[in-house]
Undergrad: 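Take a look at this one; I'll ask things after.
Chain A is the first sequence line, chain B the second, and so forth, proteins listed ahead of strands; every chain is numbered from 1.
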Number of protein chains: 2
Amino acid sequence: MEQNPPEGLSSRDRILWAAASMLGEHAGSALSVRAVAARARVSTGSLRHHFPTQRELMETVLPMLYDMVLPEDSIHESSIPPRERLIASLQRQLAPSGVDQRPRDDWRLTFERYIKDEPTEAVRAEYLAIDRELHRRVEYVLTVLENEGSLAKGDNARRARFLLTVVSGLSIAQVFPNEGRLLQNELEVLGTAVDWVFDAQP
Amino acid sequence: MEQNPPEGLSSRDRILWAAASMLGEHAGSALSVRAVAARARVSTGSLRHHFPTQRELMETVLPMLYDMVLPEDSIHESSIPPRERLIASLQRQLAPSGVDQRPRDDWRLTFERYIKDEPTEAVRAEYLAIDRELHRRVEYVLTVLENEGSLAKGDNARRARFLLTVVSGLSIAQVFPNEGRLLQNELEVLGTAVDWVFDAQP
DNA sequence: ACCTGAACACCGTTCAAGT
DNA sequence: ACCTGAACACCGTTCAAGT
């Protein structure tokens, strides 16, 4: 149970390491200040010095976790568990440009171009092409996992439709008013969707 | 701020009155044992005697509140299979006003009010209240299914978060350009999500 | 600047003791 | 059976004090 942080790390990095390792073990569960501080071998005060609120800690740690598996080719890195690779690849579709003000701008453009008014045939075709590309990418990732034996053979088109609906719901949630549990919620919901892909019997 | 319960009520009913009135005032905020007990003018121990856990209190109070709002709901018609009832109830959230041109208008208003610009605190609170109400309704439906034994006991808040993310993704898909498989796709994806709820082992 | 640990104001739950 | 209130083991945050 008791784990020690790697040596030679700064306090701040030990805190991040502790938080990341705890999230890795039990994703979605809330991190308590004292538990993280204990594993990082620092005081709660030190933790609060680097991360004034628990939310700031989460918002620093979670993007780091994603960034670790973000590169496209990481889908082939079989050192990373298949579940995490699929989550990372979906996360890429969800937040291709960061977690700041950008999602709102993205949605504003998207809304104005494809939704606000009945689109022209050309605009319609453009959107359908983008949408197919998204599906193609997810299906590709699923195929890779199938081929290496991590995932049971199944209807990958259907799986992709389901996963991308979830991603779409999470994406729009990013720009609605929310109560600050956004990233935790994303992790939880994506994890649930991915569990279905891996566990459902066809 | 200090309110007194109606006279002549039993302790148990004063507790329910207190919890209901607090949910009504500040919907969504968690109910603390001590706050409810104080308003009900009983001790925390008495509250725990009637409601051994905070969850049991919530699960007694919430259905009471709902029955006041939506008494007619096919969710209780046990002649219909539980899976279908859950799907039907989610479909109601998805398309409360029909499946024609309306979704586009709905989304246009929603987008303009809550997303386009950084909302004021009042608008933000308004959205959060609506969102919590949606979650509460789904949780209520899940509770009904649990109580009749159709659904394994589980974390209904988490289940609702997942289901409503899926509903949200389907809702925005209604207004994007599509290839006409919309309804088929909705049923497939909703079915998948509902399967997870019924089949996943916790 | 970085860090400590006590202190504060919460939380849900448990329980010996009363009626 | 019903009720009390103290006690326990948590939580996030604040802060005077050290280096």
Undergrad: Arg41(A) has an atom CZ; how far is it from atom P of dC3(C), in whole Å?
TA: 16 Å
Undergrad: Taking all non-hydrogen atoms of both residues, which atom of Arg159(B) and which atom of Ala152(B) are closest, and how far apart?
TA: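 Distance-wise, the nearest heavy atoms are NH2-O, 2.9 Å.
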Undergrad: Rounded to whole Å, please give me the gap between CG in Leu47(A) and P in dG5(C).
TA: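 Nearest whole value for this atom pair: 14 Å.
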Undergrad: Could you state the CZ-P distance from Arg34(B) to dT4(D), rounded to the nearest angstrom?
TA: 15 Å
Undergrad: To the nearest Å, give me how far apart CZ (Arg55(B)) and C1' (dG12(C)) are.
TA: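 That distance rounds to 15 Å.
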Undergrad: Which pair of heavy atoms, one from Ile87(A) and one from Gly191(A), lies closest together, and at what distance?
TA: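 It is CD1-CA, 4.0 Å.
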Undergrad: Rounded to the nearest Å, what distance is computed from the CZ atom of residue Phe51(A) to the C1' atom of nucleotide dC3(C)?
TA: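 In whole Å, dC3(C) C1' lies 14 Å from Phe51(A) CZ.
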Undergrad: Among the candidates dT13(D), dG5(D), dC3(C), find the nucleotide nearest to the side-chain atoms of Ser46(A).
TA: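 Selected nucleotide: dC3(C).
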Undergrad: In whole Å, I'd like the distance from the NE2 atom of His49(A) to the C1' atom of dT13(D).
TA: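 Result: 15 Å.
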Undergrad: Under a plain distance cut-off of 3.5 Å, with no hydrogens placed, do Thr44(B) and Arg34(B) share a side-chain donor-acceptor pair?
TA: no
Undergrad: Please report the distance, rounded to the nearest Å, between CZ in Arg12(B) and C1' in dA1(D).
TA: 14 Å
Undergrad: Expressed in angstrom and rounded to an integer, what is the separation of Leu9(B) atom CG from dC3(D) atom P?
TA: 12 Å
Undergrad: Got a sec, which residues hit ring-ring contact (aromatic ring centres under 6.0 Å, His included) with Phe111(B), two or more places apart in sequence or on another chain?
TA: Phe111(A)
Undergrad: Between dA7(D), dA1(C), dT4(D), which nucleotide has the shortest distance from any of its atoms to the side chain of Val42(B)?
TA: dT4(D)
Undergrad: Considering residues at least two apart in sequence or located in another chain, which fulfil the salt bridge (charged side-chain N to carboxylate O under 4.0 Å, His left out) criterion with Arg158(A)?
TA: none
Undergrad: Of the nucleotides dC3(C), dA7(C), dT13(C), which one has an atom closest to the side chain of Ser43(A)?
TA: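 When the side chain of Ser43(A) is considered, dC3(C) is the closest of dC3(C), dA7(C), dT13(C).
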Undergrad: Under the 3.5 Å rule, do the base of dG12(C) and the side chain of Arg48(B) count as making a donor-acceptor pair?
TA: no
Undergrad: Considering just the side-chain nitrogens and oxygens of Thr44(B), establish if one lies under 4.0 Å of OP1 or OP2 belonging to dT13(C).
TA: no
Undergrad: Any strand counts, and the cut-off is 3.5 Å on both contacts for Watson-Crick or G-U wobble. Which nucleotide pairs with dA16(C)?
TA: dT4(D)
Undergrad: According to the Watson-Crick and G-U wobble definitions, with both distances under 3.5 Å, which nucleotide is paired to dC11(C)?
TA: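 Paired with no nucleotide.
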Undergrad: Strictly below 4.0 Å: does Ser11(A) bring a side-chain N or O up to OP1 or OP2 of dC2(C)?
TA: no
Undergrad: Would you say His50(B) reaches dA1(D)'s phosphate, i.e. side-chain N/O to OP1/OP2 under 4.0 Å?
TA: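 Checking His50(B) against dA1(D): no side-chain N or O falls below 4.0 Å of OP1 or OP2.
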